> 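Can you read through this structure? Questions will come right after.
Predicted, not measured: the structure shown is a model, and the values here were computed from it. Every chain is numbered from 1 and lettered A, B, ... according to where its sequence line falls, protein lines coming before strand lines.
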There are 2 protein chains.
Amino acid sequence: MNTKKITIADVAEEAKVSKSTVSQYLNQRFEYMGEQTKERIAQAIKDLGYRPNIVARSLKQKTTTTIGVIVANISHEFSTQIVQSIEKYCNESNYHIIVCNAEDHPEKEQKYIEMLRAKQVDGIIVFPTSNNKELYQSLNLEDYPMVFIDRYVPEVKVSSIMLDNKKASQLAVEEFHRLGYERIGIITNSTKNNVTPRVERIEGFVQALESKNLEVNESYIKSVSLHEISKELVQMFSLEQPPEALLAGNDLALIEILQFTKKHQLQIPSDLAVIGIDDVSFASIYNPELTTIAQPTDEMGKKAAELLISQIQGEKPPFQQIYRFSPTLLSRSSCTGIKGGIL
Amino acid sequence: MNTKKITIADVAEEAKVSKSTVSQYLNQRFEYMGEQTKERIAQAIKDLGYRPNIVARSLKQKTTTTIGVIVANISHEFSTQIVQSIEKYCNESNYHIIVCNAEDHPEKEQKYIEMLRAKQVDGIIVFPTSNNKELYQSLNLEDYPMVFIDRYVPEVKVSSIMLDNKKASQLAVEEFHRLGYERIGIITNSTKNNVTPRVERIEGFVQALESKNLEVNESYIKSVSLHEISKELVQMFSLEQPPEALLAGNDLALIEILQFTKKHQLQIPSDLAVIGIDDVSFASIYNPELTTIAQPTDEMGKKAAELLISQIQGEKPPFQQIYRFSPTLLSRSSCTGIKGGIL
DNA sequence: TTGTAGGCGTTATCAC
DNA sequence: GTGATAACGCCTACAA
């Protein structure tokens with residue numbers, strides 16, 4: 001049981017060379033190194049079971065090959081998909097990720113950001129809450145590598161990876177329209193904060209309705225906290241004219257809607273057509289199969305990691321470039337044009 | 001734009017005290033510190049915008065307040081739930097987690113373990129693959145804090161957090177039996193490796209059948225890779241006597257089964273009763289609602305974090321204690337006893 | 001081609 | 001109460 005920690009000095013001693021030579025060896029600077037020196041070092045490393053201490057290296061080199069990922073709320077399938085994709089790309093580039101879940105609390109987010117910086121992570125990818133502008137700003141002024149994802153903060157000149165949210169709503173509305181629906185609503189779960197996706201999705205939704213000359217009925221447009229969605233739905237469906245079609249702003253809203261239709265025995269799509277933003281795991285096995293607007297999470301996560309790593313490696317960050325990713329309509333059976341009477 | 005890094009030395013200078021005094025201040029050792037000294041230091045820290053460098057501290061203290069989490073395969077909902085729970089508990093204890101996805105590759109796992117150790121993480125929680133026994137063993141012999149989760153490795157004396165897998169199968173079989181099903185099968189997706197949950201679930205399944213004097217039909221018991229499940233199902237259902245009830249070994253297997261029933265227009269539960277291990281997000285909104293066996297992921301993740309942190313903080317690890325968590329049967333509508341003829 | 005010496009930012013020991 | 005000084009383990013000029 002090899003308890004004592006082996007350092008580079010031990011290796012040097014064992015191999016009868018100096019610490020610097022060992023260090024060179026470890027860093028692959030073989031250029032001027034004698035064959036036998038190499039071998040002796042290799043042997044010593046093996047014999048002693050030496051393992052480099054990256055913390056010490058980090059201290060010296062001011063780089064940790066670790067990045068922070070702060071997720072706004074990990075309970076969205078979208079978040080975990082993005083994290084998964086970031087991890088994959090980072091792994092290829094030999095970075096590690098520290099994952100943090102801000103749970104939509106700006107204070108938590110702030111604490112995480114501060115700790116991550118204290119731990120000298122090389123950069124961070126964050127799903128920003130909207131209440132830490134000054135903090136982002138200050139990081140950015142120091143040229144601290146940072147990338148936003150899912151949301152953005154107009155005041156802060158940081159690159160953002162985002163869905164083309166308006167396009168997403170537009171795709172949905174067009175699909176509804178194409179299939180003959182007219183009374184169309186949208187439901188999103190909101191935190192108090194004005195997060196980009198929600199705002200843009202609603203905006204895009206309204207615009208798309210208008211451009212199709214469809215009625216914009218405020219009572220079909222709801223953005224409330226998750227646990228209030230069911231209440232809103234009840235209310236919406238006690239209107240004289242309830243909506244015929246509903247767009248779910250994200251996966252959790254979709255689940256609420258499905259729960260509601262189930263409970264009240266509404267048939268999809270005949271009583272209510274549904275489209276969800278986010279291609280949930282069960283979309284193609286649900287009865288009926290769910291028409292969704294998918295986000296390219298793989299590419300988005302990868303792009304975020306790429307951008308961050310290139311910033312870390314010295315590229316000047318582009319001036320608040322916004323990368324918009326296109327959503328894809330996956331047309332399935334929860335929105336087919338079959339309406340109530342027909343069933 | 002404050003480019004130069006502020007260190008403890010700068011603060012000391014600014015406050016006209018020594019580095020040691022500042023360090024004491026930072027570490028809350030106020031016992032013998034003058035009021036005004038404190039104030040001067042506080043002021044200096046503020047003025048200079050000093051931020052401690054945890055890497056340097058880690059080097060000195062040999063502790064990073066960071067732990068590694070190596071997930072076998074993050075595409076299971078179970079994995080992300082566990083990670084989420086671990087993160088939550090770690091956050092409360094001021095630890096950070098580095099998340100790694102081994103994708104069921106022992107080599108990847110090994111690389112991760114080595115890098116994490118090199119980064120001096122204080123301990124690791126791992127969903128072990130079965131092919132790194134020597135590595136685990138060696139870590140363990142060095143008393144390196146480690147906790148296994150979901151799976152365990154009999155040869156290695158490390159504590160494990162696990163579902164009571166046999167109980168899970170048993171609950172399912174009993175439910176099937178109670179409702180009058182007799183031809184009962186199980187489908188799991190397997191990696192090549194002999195992972196604990198799969199093995200135990202099948203074992204428990206067979207035992208439960210036997211104890212109920214139900215027929216054990218090998219052609220109803222399949223453990224194959226994910227993409228082969230559909231093939232197996234086709235085969236199973238071209239038997240003269242196909243199964244009446246099927247237990248899905250985990251979330252992904254369940255999805256495969258549901259895909260299959262959908263494609264072949266089998267009605268659940270009348271043509272086929274289904275129970276899934278893992279309480280998937282869509283269980284209660286699926287049509288029909290899915291009877292599942294839920295794992296207490298929150299508690300399991302928490303326990304893993306607790307155990308690890310207490311080991312880190314000096315507690316001797318218990319001698320390969322195995323913590324079994326009880327599954328819960330959530331009886332819904334995919335298994336009701338209603339059989340073919342009745343519909 | 002290899003070795004020496006100093007420093008990265010912090011903490012710890014022990015004087016003063 | 002406070003301050004030198006020496007680590008922690010590694011990297012990197014520069015010297016030899």
Side-chain angles (χ1 to χ4, degrees), chain A residues 2-42 44-45 48-66 114-115 117-122, chain B residues 2-42 44-45 48-66 114-115 117-122:
Chain A
N2 203 340
T3 171
K4 187 189 166 282
K5 276 282 177 187
I6 306 299
T7 80
I8 222 175
D10 302 312
V11 176
E13 191 178 354
E14 174 87 5
K16 309 212 184 307
V17 295
S18 77
K19 292 197 301 177
S20 21
T21 309
V22 178
S23 176
Q24 310 227 96
Y25 174 86
L26 292 171
N27 292 290
Q28 323 264 356
R29 313 250 10 107
F30 294 137
E31 320 186 352
Y32 303 114
M33 197 174 297
E35 252 327 301
Q36 25 177 0
T37 314
K38 271 202 264 189
E39 278 163 23
R40 282 216 312 284
I41 295 177
I45 288 180
L48 298 174
Y50 167 75
R51 312 174 156 288
N53 179 332
I54 295 191
V55 170
R57 172 194 294 178
S58 293
L59 178 58
K60 181 69 188 180
Q61 298 195 151
K62 300 171 167 337
T63 163
T64 52
T65 58
T66 302
E114 276 162 8
M115 279 308 292
R117 291 208 71 200
K119 287 195 176 172
Q120 312 295 116
V121 301
D122 295 339
Chain B
N2 203 341
T3 172
K4 186 187 168 287
K5 277 280 175 188
I6 306 299
T7 80
I8 223 175
D10 301 314
V11 176
E13 192 179 353
E14 174 85 7
K16 308 209 184 309
V17 294
S18 76
K19 291 198 302 177
S20 352
T21 309
V22 178
S23 176
Q24 310 227 95
Y25 175 86
L26 292 170
N27 293 288
Q28 323 263 356
R29 311 244 20 98
F30 294 137
E31 319 186 354
Y32 302 115
M33 199 173 297
E35 252 328 300
Q36 26 178 0
T37 313
K38 273 201 263 190
E39 278 165 24
R40 282 215 312 284
I41 295 177
I45 288 179
L48 299 174
Y50 166 76
R51 311 174 157 289
N53 179 331
I54 294 191
V55 170
R57 172 193 296 181
S58 293
L59 177 59
K60 183 70 186 174
Q61 297 196 148
K62 300 172 166 336
T63 163
T64 52
T65 58
T66 302
E114 276 162 10
M115 279 308 292
R117 290 208 70 201
K119 287 194 175 171
Q120 313 296 114
V121 300
D122 295 339

> Quick one, Tyr25(A) and Ile45(A) - any side-chain contact, counting heavy atoms below 4.5 Å?
yes
> How many Å lie between CZ on Arg40(A) and P on dT1(C), as a whole number?
14 Å
> At less than 4.0 Å, is any side-chain N or O atom of Asn53(A) found next to OP1 or OP2 of dC8(D)? Yes or no.
no
> Is the distance from OP1 or OP2 of dT2(D) to the nearest side-chain N or O of Thr21(B) less than 4.0 Å?
no
> With a 4.5 Å cut-off on side-chain heavy atoms, are Leu48(A) and Val11(A) touching?
yes
> Counting only distance, no hydrogens or angles, is the base of dG3(C) paired donor-acceptor with the side chain of Ser20(A) under 3.5 Å?
yes
> Round to a whole Å and report the spacing from CZ of Arg51(B) to P of dT10(C).
12 Å
> How many whole angstroms separate atom CD of Gln120(B) from atom P of dG9(D)?
9 Å
> If you compare every side-chain N and O of Ser18(A) against the phosphate oxygens of dG3(C) (OP1, OP2), does one of them come in below 4.0 Å?
yes
> Please give, in whole Å, the distance from dT11(C) P to Gln24(B) CD?
10 Å
> On the nucleotide dT1(C), are OP1 or OP2 found under 4.0 Å from the side-chain N or O atoms that Thr37(A) carries?
no
> If only side-chain N and O atoms of Tyr25(A) are considered, is one of them under 4.0 Å from the OP1 or OP2 phosphate oxygen of dT1(C)?
no
> Would you mind telling me which residue lines up with the more 5' stretch of DNA chain D, Gly34(B) or Leu59(B), judged by nearest nucleotide?
Gly34(B)
> Does any donor-acceptor pair link the side chain of Lys60(B) with the base of dA12(C) at a separation under 3.5 Å?
no
> Just to be sure I understand the rule, does Val55(B) reach a base, reach only the sugar-phosphate, or reach nothing, if contact means heavy atoms closer than 4.0 Å?
nothing
> For Ala15(B), does its backbone N or O pair with a side-chain atom of Arg40(B) as donor and acceptor, under 3.5 Å?
yes
> Expressed as a whole number of angstroms, how long is the span from Lys19(A):NZ to dA7(D):C1'?
11 Å
> Regarding Thr65(A) and Lys119(B), is there a side-chain donor-to-acceptor distance under 3.5 Å anywhere?
yes
> Starting the side chain at C-beta, find the nucleotide from dG9(C), dC11(D), dC10(D) nearest to Thr7(A).
dC10(D)
> Check the distance between dG9(D)'s P and Leu48(A)'s CG and give it to me in whole angstrom.
14 Å
> Base, sugar-phosphate alone, or nothing: which one does Ser58(A) contact when heavy atoms must sit under 4.0 Å apart?
nothing
> Could you tell me how far apart Gln28(A) (CD) and dC10(D) (C1') are, to the nearest whole angstrom?
16 Å
> Using a cut-off of less than 4.0 Å, is there contact between a side-chain N or O of Lys62(A) and OP1 or OP2 of dC11(D)?
no
> For Ser23(B), enumerate each residue passing the side chain to side chain contact (heavy atoms under 4.5 Å, CB included) test, keeping only those at least two apart in sequence or located in another chain.
Ile8(B), Asn27(B)
> Nearest-Å distance, CD1 (Ile8(A)) to P (dC8(D))?
14 Å
